[in-house]
Amino acid sequence: MLRLLAYTVLAAVLYYGGTTAVSWRRNVKKAQQSGLPYILVPVFFLHPLWLAGHVFLLPLFSRLPRSWMTWIEYCIPDFGYAHRMDAFERVGADTFLTVAPSGLVMYTCDADVINQVVQRRNDFPKPSPIYRALKIYGGNVVSAEGNVWRQHRKAVSPPFTEKNNHLVWQETIDQSLAMLSSWVGRDGKGDKTIDRVADDTMRLSLHVISRAGFGRKLEWPEDNTDVQVDKDYVDPSKIQNDMAGADEGHSMSYAYAIHCLLDNILFQLLFPRWLLRTVPLKAFRKANEAYSEWGNYMREAVEKKRTDLDVGKEVKESSESMDILAGLVKSQTKADKQAHLEDSEILGNMFVLILAGHETAANSIHFSMLYLALHRQSQLRLQKDVDDIFNGKPPSEWDYDRDLPQLFGSMVGAVLNEELRLVSPVVAIPKSTWGAPDAPLTVDGKTVTVPAETYIGLVVAASHRNPKLWPISPPTYPGGKPVHPRSNLDNDLEEFRPERWIVTEEESRSNKDARQQKKENMAARAGGDLNIDETSDTSERLYKPSKGAYAPFSDGHRSCIGRRFAQVEILVALAIIFQNYSVELAVDSYATDEEVAKMDDNAKADVWQKAAEDVREKMLNNMAAVITLQMRKGTVPIRLVPRGQEKFPPNVDQIWKTNHPEKCTTKGRPDWRPWDGKQMYHGA
Ligand code: HEM
Ligand SMILES: *[C@@H]1O[C@H](CO)[C@@H](O)[C@H](O)[C@H]1NC(C)=O
């Protein structure tokens, strides 16, 4: 009996080993024939077992000799943010394949390659299966491909108009004022340590998308200083800190439900619904409850909208009539079969629009604030531009048509662009040749072949920092050391320097001409009803990166439908926050207010530097992408103080560096680990 068992196990192992070896060899052969450089890796990063298990294995692996583990980075989802250009420099190519037994992956940070891939939609479809997590309510515009995608895109695009962006503008003004007032208090004094910027910006953008997307106005809670979003959930009947109060017949509020849902998105993906429902684990119960609660809210909203539309309550001209929900519901009534969506697909689209439209913009506002707190000189320049644009006028007199282009073309736009350059929410845009034939591709002027069934990652986290694609300056090493220990050590592309986007009048004029041309070409090509806007990712007054070099919103037909929506929201929120207030790092961990008050600039620079080091550390190491990139561990406390009452001098970073030349050197620094110069690729 035992012997039989042993034989069976042996046979299974041999069989598994054998098939693995055979398919690995087959994949290596494909890589060799492709003409692309490649590296061998033992696992395909999307293998379900690896996806579920790698986090547990990593601590183990980190004890093994480094020379055995050179492959590991390339098997971790979204390694692009952690490893950036270093990952490509180690391989020795801007475009390469990883070859595992169960799959091929092509990674690139080459602008020309990115551009070819996004433009050739049929050759390089989206790898639909990986968008499974987004389909928990139903098919949708993000996850679909081909004709189904067209149908969804058609149904969701009507509200993404300039007209609706006016609503985004207005709602962002209202909500940002409420957020700001919750931070600085009724008296406007500010100077309180705020540790919930990430949560509050999430709430801000959730409220904006709810109003501008779904016609649902949410009020900022009166006093949310004590609201703990997710700490003491016990059971649904006992939710204490319900964000906006649960509605009739619900156990969670709308806002809390979506928050929990997004927080537990991995559960939703990894475990089947029946398991989440039955296993008596708090986390499971919560995930399941959030799922059904938010679904219920949405179904009610759809019902209500349907009735409203039926009785003709919605006048065509009113701005509400074109909210996303109305568009989706109308798609069902149209004679046009092409645009018809199932109920589940309406929910599916509402879910992804909330998801795509809320985490991304929120994080941009959050990280822009952190960067501006770290870079006070840039903050001053931003405030000066806000002054020039608004002349101290209250937000009630701000005007979308007049002021938005100004904002976009100013330091505010430059900060937005720079933040998205460094912290793109989608680290590597997923494409593939799944279900498609081998595809020719031009790399460095040479034609190569991307084998069929290859997963493709357009690693914007690296292309945005690729010194071949951007004008570079010498590094300034904020805090005396490089922002990333191995990447871009000899240039400033890892550094937050929004000034790089500010160009001369003349350059800006020639940008404008080129863009007008492109816009006309596109309009002729695309056909209007899919709402594909291939105009600039940035204002024409700002620096214009070469094609494919800058793609935080992706590009081509599958680019972000909400780009303009997001840009409006982020620009306005920043203008509101910085018009009358400055953001400083909170140094509470290192000194009390009384101590700081007694300090001279040198002593202040020392405590500030400690706080700044914490922020840089968190922005390097505590970030992870679940669907979008966020700070997943810890928070960054900041303070808002009325302009003119800042505690720290704007050149605080410089003061510290001048005082501590010994800490601003590369010698004898274990945290500087320059790359050893060995390239690891095979082939081409
Ligand atoms: C800073 C903010 C944002 C960034 C950086 C961003 C980025 C992106 C990226 C990279 C994609 C392509 C994803 C892929 O290929 O898998 C995408 C797609 C999409 N985004 Fe955004 N997004 C932002 C805000 C928004 C907002 C505010 C909305 C809606 C209100 C939105 C709705 C969508 C939709 C519907 C798609 C799918 C488009 C399609 O496949 O046809 N996004 N976005
Ligand atoms: C900033 O101050 C000015 C002048 O007091 C005021 O008109 C404006 O409304 C304030 N802005 C914000 C965003 O509160």
Side-chain angles (χ1 to χ4, degrees), residues 117-118 121 124-128 130-131 134 140-145 149-150 152-157 159-160 164-165 168 172-173 176-181 184 188 205-206 208-210 212-214 323-324 349-365 367-368 383 386-387 390-398 416-417 419-421 423-432 456-458 460 530-532 537 551-581 627-629 642-643:
V117 172
V118 294
R121 183 163 64 92
F124 301 107
K126 285 192 149 190
S128 295
I130 71 155
Y131 291 85
L134 298 183
N140 58 70
V141 63
V142 182
S143 65
E145 249 303 337
W149 166 75
R150 279 186 159 272
H152 284 279
R153 180 92 181 189
K154 228 172 169 166
V156 300
S157 66
F160 291 96
N164 207 37
N165 288 336
V168 175
T172 309
I173 289 182
S176 306
L177 283 171
M179 177 173 77
L180 183 63
S181 136
V184 299
S205 63
L206 176 65
V208 173
I209 180 89
S210 289
F214 302 104
D323 69 40
I324 293 167
N349 279 308
M350 292 168 80
F351 173 67
V352 290
L353 285 167
I354 288 251
L355 176 76
H358 143 246
E359 294 198 339
T360 47
N363 282 307
S364 290
I365 298 166
F367 291 125
S368 295
Q383 287 167 322
V386 171
D387 290 347
F390 296 115
N391 274 314
K393 273 190 307 228
S396 55
E397 290 169 30
W398 297 6
L416 162 64
N417 287 350
E419 187 276 333
L420 284 176
R421 183 180 72 81
V423 200
S424 290
V426 182
V427 171
I429 294 162
K431 300 283 177 186
S432 75
I456 299 174
L458 308 176
V460 296
L530 298 181
N531 198 346
I532 290 156
D537 253 7
F553 295 98
S554 187
D555 214 337
H557 272 67
R558 296 306 297 267
S559 66
C560 180
I561 203 174
R563 188 180 75 195
R564 189 86 174 151
F565 185 120
Q567 288 169 333
V568 171
E569 178 179 338
I570 298 161
L571 293 171
V572 176
L574 293 178
I576 295 270
I577 294 165
F578 288 94
Q579 188 183 23
N580 297 333
Y581 290 90
I627 287 174
T628 62
L629 183 67
R643 283 172 64 186

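Indexing begins at 1, ligand by ligand and atom by atom, following the structure's order.
- In terms of modelled atom types and a separation under 3.5 Å, the side chain of Asn140 and the main chain of His152 share no donor-acceptor contact.
- Listed by number with element, the atoms of ligand 1 under 4.0 angstrom from any heavy atom of Pro430 are 16 (O).
- The shortest side-chain heavy-atom distance between Trp149 and Arg558 falls under the 4.5 Å cut-off.
- Side-chain contact between Leu134 and Leu355 is present, with at least one heavy-atom pair separated by less than 4.5 Å.
- When side chains are defined from C-beta on, Ser432 does not count as touching Phe124, because their heavy atoms never get closer than 4.5 Å.
- Atoms of ligand 2 found under 4.0 Å from any heavy atom of Pro394, numbered from 1 in the order shown, are 7 (O), 8 (C), 9 (O).
- With a 4.5 Å cut-off on side-chain heavy atoms, Lys431 and Val118 count as touching.
- Ligand-side atoms of ligand 1 in range of Val426: 10 (C), range being under 4.0 angstrom from any heavy atom.
- Formation of a donor-acceptor pair under 3.5 Å by the Glu359 side chain with backbone atoms of Ser205 is not found in this model.
- Per-residue contacts place Phe160 under 4.0 angstrom from the following atoms of ligand 1 (heavy atoms of the residue considered): 29 (C), 30 (C).
- Between Arg563 and ligand 1, no N or O atom pair is found at a separation short of 3.5 Å.
- If you look at Ser364 next to ligand 1, the close heavy atoms, those under 4.0 Å, all belong to the side chain.
- Polar contact with ligand 1: present for Arg153 (N/O pair, distance under 3.5 Å).
- The closest protein non-hydrogen atom to atom 34 (C) of ligand 1 is Ile561 CG2, 3.7 Å.
- Heavy-atom contacts of Ile209 reach the following atoms of ligand 1: 30 (C) (cutoff under 4.0 Å).
- Compare Ala144, Ala356, Ser205, Ser157 by their heavy atoms: the one nearest to atom 33 (C) of ligand 1 is in Ala356.
- Here the side chains of Pro430 and Ile130 are in contact, with some heavy-atom distance below 4.5 Å.
- Within the 4.5 Å cutoff, no side-chain heavy atoms of Glu569 are placed close to those of Ile209.
- Only the backbone of Pro552 comes within 4.0 Å of ligand 1, counting heavy atoms alone; no side-chain atom from C-beta on gets that close.
- Heavy atoms of Phe565 found under 4.0 angstrom from ligand 1 belong exclusively to the side chain.
- Remark: minimum distance from atom 11 (N) of ligand 2 to any protein heavy atom is reached at Gln579 OE1, 2.7 Å.
- For ligand 1, the atoms closer than 4.0 angstrom to any heavy atom of Ser559 are 38 (C).
- Residue Pro425 holds the heavy atom nearest to atom 5 (C) of ligand 1 of all those in Pro425, Ala361, Ala428, Cys560.
- Contact annotation for atom 5 (O) of ligand 2: protein absent (non-hydrogen atoms, distance under 4.0 Å).
- Glu145 and Ser128 share no donor-acceptor pair across their side chains, judged by distance under 3.5 Å alone.
- Heavy atoms of Ile429 found under 4.0 angstrom from ligand 1 belong exclusively to the side chain.
- Under a 4.0 angstrom heavy-atom cut-off, Lys126 registers as being in contact with ligand 1.
- Where the criterion is an N or O separation shorter than 3.5 Å, residue side chain and backbone included, Tyr131 meets it with respect to ligand 1.
- Close approach to Gly392 involves these atoms of ligand 2, each under 4.0 Å from a residue heavy atom: 3 (C), 4 (C), 6 (C), 7 (O).
- Looking from atom 1 (C) of ligand 2 to the surrounding protein, the closest heavy atom is Asn580 ND2, 1.5 Å.
- Close approach to Leu353 involves these atoms of ligand 1, each under 4.0 Å from a residue heavy atom: 35 (C).
- Annotation for ligand 2: atoms under 4.0 Å from non-hydrogen atoms of Leu177 are 13 (C), 14 (O).
- Residues Asn363 and Pro425 fail the side-chain proximity criterion, which asks for heavy atoms closer than 4.5 Å.
- Within the 4.0 Å heavy-atom criterion, neither part of Ala551 lies near ligand 1.
- Close contacts of ligand 1 with Trp149, meaning ligand atoms under 4.0 Å from a residue heavy atom, involve 39 (C), 40 (O), 41 (O).
- Taking the six-membered ring where the residue is Trp, Phe565 and Phe160 present tilted rings, their angle falling between 30° and 60°.
- Residue-level proximity to ligand 1 for Val156 is absent, since no heavy atom of it falls below 4.0 angstrom.
- Using a distance-only test at 3.5 Å, with no hydrogens or angles considered, a donor-acceptor pair links the side chain of Gln579 to the main chain of Lys393.
- A heavy-atom separation below 4.0 Å is not found between Gly213 and ligand 1.
- Side-chain atoms of Val460 and Val426, non-hydrogen and from C-beta on, never get closer than 4.5 Å to each other.
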